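Heads up: the structure comes next, in structure tokens.
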Amino acid sequence: MAGRFQAPRGTQDILPADQPYWAAINGAILEVTRLHGFRRIDTPVFEHAGLFEKGSGDTTDVVEKEMYTFKDRGGDDLALTPEATPAIARAYLEHGMASWPQPVRIYTTHPMFRYDRPQKGRYRQHTQFDCEVLGSGDALIDAEVISLLWRLYERLGIRNLQVRINSIDDPEPRRAYIERLTEYYAPHVDSLSEDSKRRLSRNPLRLLDSKDGRDQPFKEAAPKLSDQLSEPAAAHHRVVMDALSVAGIPFVNDPLLVRGLDYYNRTVFEIVPTDDERAQGTIGGGGRYDGLMELLGGPATPGIGFGSGFERIILEMQKHEVTFPEAALATAFIVHRAPDSHRAAFKLAGDLRSAGVSTIVGETGRSLKSQFRSADASGARFAVILGEHELDRGAAILKDLRGGGAQVEVPLDGLVRAVATATDC
RNA sequence: GCGGGCGUGGCCUAGUGGUUAGGGCGUCUGGAUGUGGCCCAGAAGGUCGUGGGUUCAAUCCCCACCGCUCGCCCCA
């Protein structure tokens, strides 16, 4: 162990045994995005650091203290992608997607990098499924992306989930509200937690999100944004909630839900397990960002999207005891032991594979016994035995390892068909 | 960034201030000369996370670091 390399902190290897989860999620994403008319996009792993400083907000934790930034050899300031939305917004502008039929519905699965302290469900590199709808401010779209995500979780066997949703209004009315909120807290500043004191000047909205006991009494009496939403935002929010009801998606309107990225307006939401109190239990979340494109120097273009972490989805699947039977490595396993048997074995393996039969060849020189042990461990349905006697006769023995071990001798030129026939029925 | 727990062969794990650190799983080999899954036998594999300290002596005590883990913060 000591002195040997380990995967960097907060990163992980996805071993063969875990791959079925990834495949299941990828498969479900393919299906669910197809059902909603989304197309895939892939953006680079790294971008200009400024994209996120401008887009995500340079006072957000994600950008301020978690971003992996570096200068390349040409002196450009780059960052490993910490979140997808600004990258996709950038691509929208760069490729003139405004001239595509609107709205543009796109998704990606992409590694995300954040320098944070790892714990259960939180890694320095994680993979996100990310959906964005660009070019529509329709409240129905908000409900559509939420229902897409909901459908994904359903397909994967995850239950006990709940949508938490809120409206944080548009920037103008929100500014007025924030002023009121700041005025409300000002006389109590000495009684607040350290975090909240700091945030009061920088991002007062987040005080409502505090879990610190000292802040609780003030939170409850604080003016609520939801009580004084501007009329357009309130109407928008009503439509979103109404559509979710129609779709039968269980949601809770949570007036205290605030999210950590600067660009959100109106709808913000999270999907959380109802049976998990952990702070990092959220498996998916997102919101509307009608102002983002302008922040990035583009024309005003509404948008909404979400991200959901594969690793957290898998954790939930495992909690719900979603498991995958171990798949056989191959259908046929060629056991061979005779002078020069490797030639016949390799030729036959090629023929079987050409016919679509997955095949593994036993290691040359190992005893039949150990080759059979390997055959069994591989989960192969058939063993094909190429020994001296068979090769002399131009034949092989075909043995059914799963059905009692019956074996028959088959001429070599008829073996592929014999296997194909036996597999079909 | 803050606070708690842990660190024994690939995995799980027993154990003690002092001779060759024990077991299970897994791997490999064999159980008479050509055959799996069960069983049996044997073998390989550990500087007991790393470095320093205390001690006549440390895997076991102390410190630091690294890693993992749990909670907070934040987020997926």
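The structure displayed is predicted, hence computed values, not measured ones. Labels below follow one simple rule: chain letters A, B, ... track the order of the sequence lines, proteins then strands, and each chain is numbered from 1.
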Can you tell me if A:Arg9 touches the phosphate of B:C66, counting only side-chain N or O atoms and a distance under 4.0 Å to OP1 or OP2? no

Pairwise P distance for B:G46 and B:G10, with rounding to whole Å: 8 Å

Less than 4.0 angstrom between a side-chain N/O of A:Gln119 and OP1 or OP2 of B:G71, yes or no? yes

B:A64 to B:C28 separation - C1' atoms, rounded to the nearest Å: 41 Å

Measure the shortest side-chain to side-chain distance between A:Leu161 and A:Val272 over non-hydrogen atoms and say whether it is less than 4.5 angstrom. no

Using atom C1' in both nucleotides, what's the gap between B:G15 and B:G26 to the nearest angstrom? 23 Å

What is the distance, rounded to the nearest whole Å, between atom CG of A:Asp116 and atom P of B:C72? 13 Å

Under a 3.5 Å limit on both distances, the Watson-Crick or wobble mate of B:G9 is none

Can you check the distance between B:U59 and B:A14, where both ends of the measurement are the C1' atom (answer in whole Å)? 13 Å

Looking only at N and O atoms, is any donor in the side chain of A:Gln407 or the base of B:U35 less than 3.5 Å from an acceptor on the other one? yes

Which part of the nucleic acid, if any, lies within reach of A:Ser374 when heavy atoms closer than 4.0 Å are counted: base, sugar-phosphate only, or nothing? nothing

Base, sugar-phosphate alone, or nothing: which one does A:Gln12 contact when heavy atoms must sit under 4.0 Å apart? nothing

Can you tell me, in whole Å, how much space there is between the P of B:G22 and that of B:G31? 29 Å

For B:C11 versus B:U47, give the span between their P atoms, rounded off to a whole number of Å. 13 Å

Proximity to the side chain of A:Arg122 - top-ranked nucleotide from B:C72, B:G37, B:G30: B:C72

Taking any heavy-atom pair under 4.0 Å as a contact, classify A:Arg373: base, sugar-phosphate, or nothing. base

Whole-Å distance, A:Glu83 CD to B:C74 C1', equals 13 Å

Using atom CD1 of A:Ile313 as one end and atom C1' of B:A76 as the other, report the distance to the nearest whole Å. 8 Å

When rounded to the nearest Å, what value does the distance between C1' atoms of B:A58 and B:U8 take? 14 Å

Roughly how many Å is it from CZ in A:Phe372 to C1' in B:U29, rounded to a whole number? 18 Å

Determine whether the side chains of A:Gln128 and A:Ser308 contain a donor N or O and an acceptor N or O closer than 3.5 Å. no

Tell me what A:Gly10 touches on the nucleic acid: a base, only sugar-phosphate, or nothing, going by heavy atoms under 4.0 Å. sugar-phosphate

Does A:Arg164 make a cation-pi contact with A:Phe251 (under 6.0 Å, within 45 degrees of the axis)? no

Aromatic ring proximity A:His48/A:Phe52, centre distance under 6.0 Å: no

Any strand counts, and the cut-off is 3.5 Å on both contacts for Watson-Crick or G-U wobble. Which nucleotide pairs with B:U50? B:A64

Mark yes or no for a side-chain to base donor-acceptor pair under 3.5 Å between A:Arg402 and B:G37, with no hydrogen or angle criteria applied. no

Would you say the side chain of A:Asp400 lies within less than 4.5 Å of the side chain of A:Gln407, judging by non-hydrogen atoms? no

Using OP1 and OP2 only, check whether a side-chain N or O of A:Lys369 sits under 4.0 Å from B:U29. no

Comparing A:Leu386 and A:Tyr115 on RNA chain B - which has the more 5′ nearest nucleotide: A:Tyr115

Name the pairing partner of B:C72, where a pair is Watson-Crick or G-U wobble with both distances under 3.5 Å, or state none. B:G1

Pairwise C1' distance, B:G18 and B:C12 [rounded to whole Å]: 29 Å

Quick check on RNA chain B: between A:Ile397 and A:Arg259, whose nearest nucleotide comes earlier from the 5' end? A:Ile397

Counterpart base for B:A43, defined by Watson-Crick or G-U wobble contacts under 3.5 Å: B:U27

Tell me the interatomic distance from A:Leu368, atom CG, to B:G36, atom P, rounded to whole angstroms. 9 Å

By the 4.0 Å heavy-atom rule, please label A:Lys120 as base, sugar-phosphate, or nothing. sugar-phosphate

Give the rounded distance in Å between these two atoms: CD of A:Glu363 and P of B:G36. 18 Å

Would you mind classifying the nucleic acid contact of A:Phe310 as base, sugar-phosphate or nothing, using non-hydrogen atoms under 4.0 angstrom? nothing

Checking base pairs now: Watson-Crick or wobble, both atom distances under 3.5 Å. What partners B:U16? none

Just call it for A:Glu270: base, sugar-phosphate, or nothing, with non-hydrogen atoms closer than 4.0 Å on any strand. nothing

Is there a side-chain contact (heavy atoms from CB on, under 4.5 Å) between A:Val384 and A:Ile397? Walk through the geometry before answering. CA-CA 6 Å; A:Val384 177; A:Ile397 289 174; over 6 Å; no

Show every ring pair (Phe, Tyr, Trp, His ring centres under 6.0 Å) that has at least one partner inside residues 10-35 of chain A, sequence neighbours left out. A:Tyr21-A:Phe324, A:Trp22-A:Phe310

Side-chain N or O of A:Ser370 less than 4.0 angstrom from OP1 or OP2 on B:U29? yes

A:Tyr123 OH - B:G67 P separation (whole Å): 16 Å

Atom-pair distance (CZ on A:Arg366; P on B:G30), nearest Å: 9 Å

Taking atom types as modelled and ignoring hydrogens, do the side chains of A:Arg40 and A:Thr109 form a donor-acceptor contact shorter than 3.5 angstrom? yes

Give one of base, sugar-phosphate or nothing for A:Ile283, where a contact means two heavy atoms less than 4.0 Å apart. sugar-phosphate

Quick one: the side chain of A:Asp376 and the base of B:G36, do they pair up donor-acceptor inside 3.5 Å? yes

